[in-house]
Amino acid sequence: MKPRHAAALALVGWYLMASADPSLPLSAWKNLGSFDTVTQCNESELHWYQHLNDIDHSWSAKGYPGLAQKIVSSLQCVETIDPRLAR
């Protein structure tokens, strides 16, 4: 591997993305966090999954039935260089 390729790989990070409407392009999704490794991103995804499941009943009682579950089902770790993030 050439040194410039190694440097480029070192700049890659991860975003945890979510949307209440997964049909939207990824560039329109909400960034829930930035991470150096996919492992860190996956750990945060688990945290958000648990948090959203905990508040789902509360949101449903406030007139947003199923919203937290929609967001939970959309959680996704995406590389910072993913072309789908371009606006």
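Only a predicted model underlies this, so the values are computations on that prediction, with no experimental measurement involved.
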Problem - Same apolar cluster (I L V M F W Y, side chains within < 4.5 Å links), Met17/Ile81 - result: no

Handout entry: Ser27 side chain to Leu85 backbone, donor-acceptor under 3.5 Å
Key = no

Practice task
Not counting sequence neighbours, which residues clear side-chain contact (heavy atoms from CB on, under 4.5 Å) with Gln40? List them please.
Solution key: Phe35, Asp36, Thr37

Practice task
Name all residues meeting the side-chain hydrogen bond (donor to acceptor under 3.5 Å, both in side chains) criterion together with Ser58; count only those two or more places apart in sequence or in a different chain, and write none if there are none.
Solution key: none

Fill in the blank from the handout: Here the salt bridge (Lys or Arg N to Asp or Glu O under 4.0 Å) pairs for residues 55-75, sequence neighbours left out, are none

Practice task
Indicate if Ile55 and Leu75 have the same hydrophobic cluster label, given that clusters are the connected sets of ILVMFWY residues with side-chain heavy-atom separations under 4.5 angstrom.
Solution key: yes

Exercise for the section: Report the residues that fulfil side-chain contact (heavy atoms from CB on, under 4.5 Å) with Pro65, sequence neighbours left out, ordered by chain and then residue number. Expected result: Ser60

Handout entry: All side-chain hydrogen bond (donor to acceptor under 3.5 Å, both in side chains) counterparts of Asn31, not counting sequence neighbours
Key = none

Exercise for the section: Sequence neighbours left out, what pairs pass side chain to side chain donor-acceptor pair (under 3.5 Å) with at least one residue falling in residues 12-22? Expected result: Asp21-Ser23

Name each donor-acceptor pair under 3.5 Å that joins a side chain in residues 45-54 to protein atoms two or more places apart or in another chain, with its distance.
{"residue": "Asn53", "atom": "OD1", "partner": "Gln69", "partner atom": "NE2", "Å": "2.5"}
{"residue": "Asn53", "atom": "ND2", "partner": "Tyr49", "partner atom": "O", "Å": "3.2"}

Practice task
Go through the structure and list residues passing side-chain contact (heavy atoms from CB on, under 4.5 Å) with Leu67, not counting sequence neighbours.
Solution key: Ala20, Trp59, Tyr64, Ile71

Exercise for the section: Please list all pairs passing the disulfide (SG to SG under 2.5 Å) test where one or both residues lie in residues 15-55, with sequence neighbours left out. Expected result: Cys41-Cys77

Exercise for the section: Could you check if a side-chain atom of Leu16 sits within less than 4.5 angstrom of a side-chain atom of Gln76, using non-hydrogen atoms only? Expected result: no

